[in-house]
Amino acid sequence: MYKSIMILDQVSHHYFVNFIDNVKCTGHSSCSGNPVTVAITDECPGCVSESAHFDLSGTAFGAMAVSGQEQQLRSAGVLQIQYQRVECNYPGTNIVFQVDGGSNPYYFATLVEYEDGDGDIASIDLQDSSASADWRPMQQLWGAVWKLNAGSALIGPLSLRLKSSKGEMLVALNVIPAGWGAGVTYRSIVNFNE
């Protein structure tokens, strides 16, 4: 079932994080009525004017347009749309962790990508290879980026434990190797719905 909201172009904040939605525009002569699938990767806590708010790229706007009327739709600004949440599905792809460029042995942040299922991560815990090796909760920094201010140097390899909003849990064991680097992407061998 589709829900109706309004969308804007040219901004990069959203209310939903890490899901996939089908969106289609209505109420404009350039709208094709065909849905486009978009990944929602960020949120806008200050955007309280609507119950839901999507800021879509020009590419997404153009994909919702009648053929040949892409630019008219991109120039329309605020549009009425309908949206429907759908499961994330990245066939043959496992979860990827992109280590933030500002990470160091005392501060670790990672972008989590390509999680199947509802795509809604409720929590992430990190375990390093130190003597204590306790699971430490990470904090959501923004969107799909999670961080840990470690307080002491993290010893690789690092394992990440993810919990979905549905309560599903998985562990990417030793996914971040010893000698890991900031700005580097590491592929796991796990995903939800396997």
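Note that the structure is a prediction, hence the values are computed from the model and not measured.
Ser165 places no side-chain N or O within donor-acceptor distance of the main-chain N or O of Ala122, the cut-off being under 3.5 Å. Between the side chain of Glu70 and the backbone N or O of Gly68 there is at least one donor-acceptor pair closer than 3.5 Å. Between the side chain of Ser159 and the main chain of Asn174, a donor-acceptor pair closer than 3.5 Å is present. At distances below 3.5 Å, at least one donor-acceptor pair connects side-chain atoms of Ser103 with backbone N or O atoms of Ala109.
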If you apply the rule side chain to side chain contact (heavy atoms under 4.5 Å, CB included), what do you find for Val112 with Phe97, and how did you get there? CA-CA 5 Å; Val112 183; Phe97 300 94; 4.0 Å; yes
Test side chain to side chain contact (heavy atoms under 4.5 Å, CB included) on Asp128 and Arg136 and set out the steps. CA-CA 9 Å; Asp128 72 353; Arg136 297 190 252 181; 3.3 Å; yes
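Listed here is the closest heavy atom pair of Val66 and Ser29: CG2-O, 4.2 Å. Here the closest non-hydrogen pair linking Ile155 and Leu158 is O-CD2, 3.6 Å. The two residues Ser188 and Asn94 make their nearest non-hydrogen contact at O-CB, 3.3 Å. The shortest non-hydrogen separation linking Val175 to Tyr186 is O-CB, 3.6 Å. In terms of heavy-atom proximity, Leu79 sits nearest to Ala76 at CD2-CB, 3.7 Å. Considering all non-hydrogen atoms of both residues, Leu73 and Cys31 come closest at CD1-SG, 3.9 Å.
The salt bridge (Lys or Arg N to Asp or Glu O under 4.0 Å) analysis of residues 90-104, with sequence neighbours excluded, yields no pairs. Annotation: salt bridge (Lys or Arg N to Asp or Glu O under 4.0 Å) contacts involving residues 146-164, sequence neighbours excluded, comprise Asp125-Arg161.
The distance from the CZ atom of Arg74 to the CE atom of Met64 is 10.5 Å, given to the nearest 0.5 Å. In this structure, Cys25 SG and Gln82 CD are separated by 10.0 Å, a value rounded to the nearest 0.5 Å. Rounding to the nearest 0.5 Å places CH2 of Trp135 at 7.0 Å from CG of Leu160. The line from CD1 of Ile176 to OG1 of Thr110 is 5.5 Å long, rounded to the nearest 0.5 Å. Here the NZ-CD distance, from Lys24 to Gln80, works out to 13.5 Å after rounding to the nearest 0.5 Å.
Atom OH of Tyr114 is surrounded by 12 or fewer heavy atoms from other residues, nucleotides or ligands within 6.0 Å.
If you chain together hydrophobic residues whose side chains sit under 4.5 Å apart, Val184 and Tyr106 never meet in one group. There is no path of hydrophobic side-chain contacts, each under 4.5 Å, that joins Trp146 to Val171. Tracing side-chain contacts under 4.5 Å through hydrophobic residues (I, L, V, M, F, W, Y), one never reaches Leu173 starting from Leu170; they form parts of separate clusters. If you chain together hydrophobic residues whose side chains sit under 4.5 Å apart, Val99 and Ile189 fall into the same group.
Two residues are said to be in side-chain contact when any heavy atoms from C-beta on lie closer than 4.5 Å; Asn191 and Glu115 meet this criterion. Residues Leu154 and Pro105 are not in side-chain contact: their nearest non-hydrogen atoms beyond the backbone lie 4.5 Å or more apart. Using a 4.5 Å cut-off on side-chain heavy atoms (C-beta onward), Phe192 and Ile95 make contact.
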